[in-house]
Protein chains: 4
Amino acid sequence: MSVTVPTQVKDPERVRERRMQIIEASVRLFMEKGFHKTTTREIAKLSGLSNGSLYEYVESKEDVLFLVCQHIHREVETKLRQSLTEEVNGAVRLRHAMVSFLHVIDRMQAEVLLIYQESKSLPPHYLREVLATEQAITDIFEQFLRDGQADGTLEIEDAAIPILAHDLVVNGQMWAFRRWALKSVSFNQFVTQQVEMLMRACQAKI
Amino acid sequence: MSVTVPTQVKDPERVRERRMQIIEASVRLFMEKGFHKTTTREIAKLSGLSNGSLYEYVESKEDVLFLVCQHIHREVETKLRQSLTEEVNGAVRLRHAMVSFLHVIDRMQAEVLLIYQESKSLPPHYLREVLATEQAITDIFEQFLRDGQADGTLEIEDAAIPILAHDLVVNGQMWAFRRWALKSVSFNQFVTQQVEMLMRACQAKI
Amino acid sequence: MSVTVPTQVKDPERVRERRMQIIEASVRLFMEKGFHKTTTREIAKLSGLSNGSLYEYVESKEDVLFLVCQHIHREVETKLRQSLTEEVNGAVRLRHAMVSFLHVIDRMQAEVLLIYQESKSLPPHYLREVLATEQAITDIFEQFLRDGQADGTLEIEDAAIPILAHDLVVNGQMWAFRRWALKSVSFNQFVTQQVEMLMRACQAKI
Amino acid sequence: MSVTVPTQVKDPERVRERRMQIIEASVRLFMEKGFHKTTTREIAKLSGLSNGSLYEYVESKEDVLFLVCQHIHREVETKLRQSLTEEVNGAVRLRHAMVSFLHVIDRMQAEVLLIYQESKSLPPHYLREVLATEQAITDIFEQFLRDGQADGTLEIEDAAIPILAHDLVVNGQMWAFRRWALKSVSFNQFVTQQVEMLMRACQAKI
DNA sequence: CATGAATGAGCATTCATTCAT
DNA sequence: AATGAATGAATGCTCATTCAT
């Protein structure tokens with residue numbers, strides 16, 4: 001919401017465009033070699049910008065990392081919210097949300113992993129923002145848990161809700177960051193198992 | 001198991017000693033500033049070694065990171081195994097294991113976080129080893145799940161077991177890597193909620 | 001006199017105006033941070049010009065420095081000449097000139113310092129011009145010394161005159177470039193002492 | 001006295017040696033092209049050091065400038081003090097000191113000029129030190145002025161003394177920083193004229 | 001075995017200047 | 001005449017690693 005990356009360039013349209021190039025290039029590079037092993041020269045080159053131009057749209061390499069994290073998070077959040085339907089009751093809504101979430105993560109596996117691995121390299125004020133977004137995603141699930149609790153389709157304690165919300169998110173993101181261990185599990189299996197597991201965990205009345 | 005870090009020094013006792021110094025220094029430094037922002041000079045200095053000596057016990061900075069990850073993992077695994085009791089049935093054993101695991105993670109929060117954040121910087125052959133240990137820890141839980149399934153105290157499908165084991169591990173480690181979001185949750189609350197949640201998820205008969 | 005700074009712009013009035021903006025901005029910036037640490041972007045911005053426009057009125061950053069030095073020198077010379085009165089004899093004229101000069105330097109302390117510190121960064125052909133102006137100022141004093149020598153109110157050798165003239169100028173400028181050491185001396189004290197000292201040095205018959 | 005430049009190297013003898021190389025190279029380079037236009041690469045190369053080695057003996061380019069200024073000042077002060085003889089009275093001592101000072105400046109013309117032109121680029125804590133040394137040199141003259149005043153060989157007011165001391169120093173350094181204007185004056189002429197002039201200014205009784 | 005000085009490739013960033021619009 | 005985005009060479013500095021002593 002609040003934090004923005006400064007730029008020397010006045011035309012906001014151009015800034016958006018160029019930053020998109022920068023983000024796309026950086027996502028690829030950071031995935032391949034990580035943030036630290038990627039040089040600003042590589043970013044510039046793959047963005048189709050000159051060394052100097054890169055720094056017209058960004059003030060530091062860390063700005064690039066933030067731009068990337070922010071972009072990914074926005075995409076995750078947007079896609080997640082898009083697929084949220086107005087369902088009959090809390091339990092069903094939660095189940096749908098979880099399924100949607102898993103699909104988003106599957107499609108954005110590499111990006112989710114990137115945030116997991118590199119966001120710690122952000123300077124504090126950017127990190128705060130990224131964590132806030134992470135929390136915002138968690139909040140979505142928290143809401144559904146409360147809904148289900150309220151309409152009686154989920155049987156959970158108040159105290160459990162925030163923790164459960166994090167469990168939901170983390171168990172979903174696991175598909176990205178424990179990929180190495182889940183090679184033999186198909187996505188469909190994963191979805192089924194995780195959803196059923198979580199429904200049991202919340203004692204869902206279907 | 002297999003992978004070892006080469007050294008120039010013959011006396012294995014001395015190697016063990018010196019590496020312990022290196023590990024202790026590095027854990028502190030990596031926690032404070034991360035792997036990339038820590039210099040080998042700092043590691044040497046805090047280890048009480050000279051720049052050159054460091055490289056007698058290690059061939060690269062990445063060797064140090066591996067030593068650190070390995071050490072932490074060993075400690076986690078040892079502590080976890082120590083606290084595993086021979087309990088009556090699978091469900092109870094699982095519950096105890098989970099509680100123990102959470103205590104280990106609580107005591108080693110920073111170290112667990114370190115592995116989460118830095119292991120990606122390991123060269124492939126070291127990474128493989130670290131992931132293998134991670135899997136070994138997961139396997140412990142998998143075994144208890146199977147035990148419980150076998151003796152009927154847990155009601156779970158075969159296909160769910162590997163995924164559930166990862167859920168258990170990840171939901172525990174969450175205490176370390178989502179610390180920022182769990183500031184208002186006490187450790188006891190966390191333990192209670194997670195354990196109960198997982199028991200429900202496994203449909204444990206007590 | 002001779003050297004001029006090239007421009008792309010035809011209308012000389014506009015050139016004068018814009019360059020005045022450039023000079024004013026640059027004086028401030030050079031005083032604050034020095035020539036080398038001031039960027040052309042800063043100059044443009046504070047001048048109210050765009051990056052590109054700056055280069056319509058100037059061909060290089062060094063042109064700006066020259067413009068600044070020239071402007072300051074002109075002001076010094078003008079103010080000095082304005083306050084020169086037609087006095088009875090050489091000694092009195094010299095004394096008046098010195099007093100006037102010291103007042104000019106006091107009022108333009110920062111500017112005088114700027115020339116002292118930055119003119120060395122001028123390209124040779126500009127530097128020559130600046131030194132010529134510096135000499136012109138010295139020449140004013142030289143003339144009064146000769147006048148005094150001629151009318152017998154100063155008792156000095158021919159050979160001493162050029163050196164004495166420089167002494168006068170330098171002992172005056174000292175107020176600017178040794179400010180750090182003269183913190184505890186008031187301007188009036190300084191004037192009195194320097195003037196008396198120089199009168200003695202020239203063996204002035206009042 | 002107080003301020004020292006940090007180094008990574010432990011052996012103080014080696015530090016002294018290497019820094020001497022650095023100073024000699026830098027003096028040449030700074031004289032030729034000025035501090036800002038000299039690169040650390042050039043300094044390293046001419047010092048016979050590698051890029052990296054330079055930074056074992058120095059922490060920044062500005063450290064080099066300080067080393068250079070300090071070295072020059074030390075040499076000036078040493079040479080000046082060496083040539084100070086214990087003469088009969090204040091006036092004679094002052095005269096001798098002035099002559100010695102002028103010879104030092106003549107021999108170290110370029111170095112004196114360097115300090116005049118570049119010391120402003122020093123970071124504040126170094127600049128303070130350099131100005132302190134400059135003051136120390138001035139103090140030497142101040143002492144002789146006081147001596148002469150005390151023994152009656154100089155007829156000057158108390159208030160005049162600090163200013164006169166600065167005049168002496170500045171009128172001497174003029175030989176270096178107004179060289180361009182004194183091309184036609186021989187050193188001997190300069191010495192004679194300046195010394196006589198200053199003796200008159202102090203109303204010296206021989 | 002230990003030391004610590006030396007190395008030099010590598011990196012993020014800056015900035016005077018140009019030029020298409 | 002004005003604008004401001006683009007350029008890219010240049011620069012100060014870092015740091016993992018080596019190696020002579």
Side-chain angles (χ1 to χ4, degrees), chain A residues 7-11 14-15 18 36-45 48-64, chain B residues 7-11 14-15 18 36-45 48-64, chain C residues 7-11 14-15 18 36-45 48-64, chain D residues 7-11 14-15 18 36-45 48-64:
Chain A
T7 173
Q8 305 283 355
V9 177
K10 308 194 172 175
D11 178 2
R14 177 165 298 207
V15 173
R18 293 277 190 262
H36 281 105
K37 293 207 174 156
T38 302
T39 68
T40 55
R41 277 168 164 76
E42 292 170 312
I43 296 172
K45 180 170 239 178
L49 297 175
S50 68
N51 256 342
S53 279
L54 176 64
Y55 277 84
E56 300 260 318
Y57 295 96
V58 124
E59 279 185 337
S60 69
K61 197 183 163 190
E62 276 140 351
D63 279 3
V64 176
Chain B
T7 174
Q8 307 284 353
V9 179
K10 314 271 159 133
D11 179 359
R14 176 165 295 206
V15 173
R18 294 274 190 262
H36 281 104
K37 292 205 174 158
T38 302
T39 67
T40 55
R41 274 167 162 81
E42 291 171 312
I43 296 171
K45 180 169 230 178
L49 298 175
S50 69
N51 256 343
S53 279
L54 177 64
Y55 277 83
E56 303 254 320
Y57 296 96
V58 124
E59 279 184 335
S60 72
K61 198 185 165 190
E62 276 135 352
D63 280 3
V64 175
Chain C
T7 173
Q8 307 284 353
V9 179
K10 313 272 161 135
D11 180 1
R14 175 165 296 204
V15 173
R18 294 275 191 262
H36 280 105
K37 292 205 175 159
T38 301
T39 67
T40 54
R41 274 168 163 80
E42 290 170 313
I43 296 172
K45 181 170 231 178
L49 297 175
S50 69
N51 257 342
S53 279
L54 177 63
Y55 277 83
E56 303 255 319
Y57 295 97
V58 122
E59 279 185 335
S60 72
K61 198 185 165 189
E62 276 136 352
D63 280 2
V64 175
Chain D
T7 173
Q8 305 284 355
V9 177
K10 308 195 172 172
D11 178 1
R14 177 165 296 207
V15 173
R18 293 277 189 260
H36 281 105
K37 292 208 175 157
T38 302
T39 68
T40 55
R41 277 167 167 77
E42 290 170 314
I43 296 173
K45 179 171 240 177
L49 299 175
S50 69
N51 256 341
S53 280
L54 176 63
Y55 278 85
E56 299 261 318
Y57 294 97
V58 123
E59 278 185 337
S60 71
K61 198 184 162 189
E62 275 140 352
D63 279 2
V64 175

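A, B, ... follow the sequence lines: proteins, then strands. Residue 1 opens every chain.
- DNA chain F lies under 4.0 Å from at least one heavy atom of each of the following residues of residues 51-61 of chain C: C:N51, C:G52, C:S53, C:E56, C:Y57.
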Please list, one pair per line, the donor and acceptor atoms closer than 3.5 Å that link side chains of residues 48-55 of chain B to other protein atoms, with sequence neighbours excluded.
residue : atom : partner : partner atom : Å
B:S50   : OG   : B:S53   : N            : 3.1
B:S50   : OG   : B:S53   : OG           : 3.2

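- F:dC13 atom P lies 15 Å from atom CD of D:E42, rounded to whole Å.
- Using a 4.0 Å heavy-atom cutoff across all strands shown, B:Q8 reaches no nucleic acid atom at all.
- Not counting sequence neighbours, A:R41 has no partner by the salt bridge (Lys or Arg N to Asp or Glu O under 4.0 Å) test.
- Residue C:T38 is in sugar-phosphate contact alone, with no base atom involved, counting any heavy-atom pair closer than 4.0 Å across all strands shown.
- Within the 4.0 Å cut-off from OP1 or OP2 of F:dA1, not a single side-chain nitrogen or oxygen of C:R18 is found.
- With rounding to the nearest 0.5 angstrom, the OG1 atom of D:T38 is 10.0 Å from the NE2 atom of D:H36.
- Nucleotide F:dA10 holds its C1' atom 8 Å from the CZ atom of D:R41, rounded to whole Å.
- Atom CZ of residue D:R14 and atom OG1 of residue D:T7 lie 11.0 Å apart, to the nearest 0.5 angstrom.
- Rounded to an integer number of Å, the gap from B:K45 NZ to F:dA16 C1' is 17 Å.
- Listed by chain and number, the residues in a salt bridge (Lys or Arg N to Asp or Glu O under 4.0 Å) with D:K37 are C:E62 (sequence neighbours excluded).
- Straight-line distance from the NE2 atom of C:H36 to the C1' atom of F:dG12: 15 Å, rounded to whole Å.
- Counting any heavy atom pair closer than 4.0 Å across all strands shown, B:T39 reaches sugar-phosphate atoms only and no base atom.
- From the 5' end on, the contacts that DNA chain E makes with chain B at under 4.0 Å to a non-hydrogen atom open and close at E:dC1 to E:dA6.
- Take the nearest nucleotide of DNA chain E for B:K10 and for C:E62: the residue whose nucleotide is more 5' is B:K10.
- Looking at residues two or more places apart in sequence or on another chain, you find a salt bridge (Lys or Arg N to Asp or Glu O under 4.0 Å) between A:E42 and A:K33.
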Dot-bracket notation for DNA chain F, counting Watson-Crick and G-U pairs under 3.5 Å, with | for partners on another strand: .||||||||||||||||||||
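- Note on C:R14: a side-chain N or O is less than 4.0 Å away from OP1 or OP2 of F:dA2.
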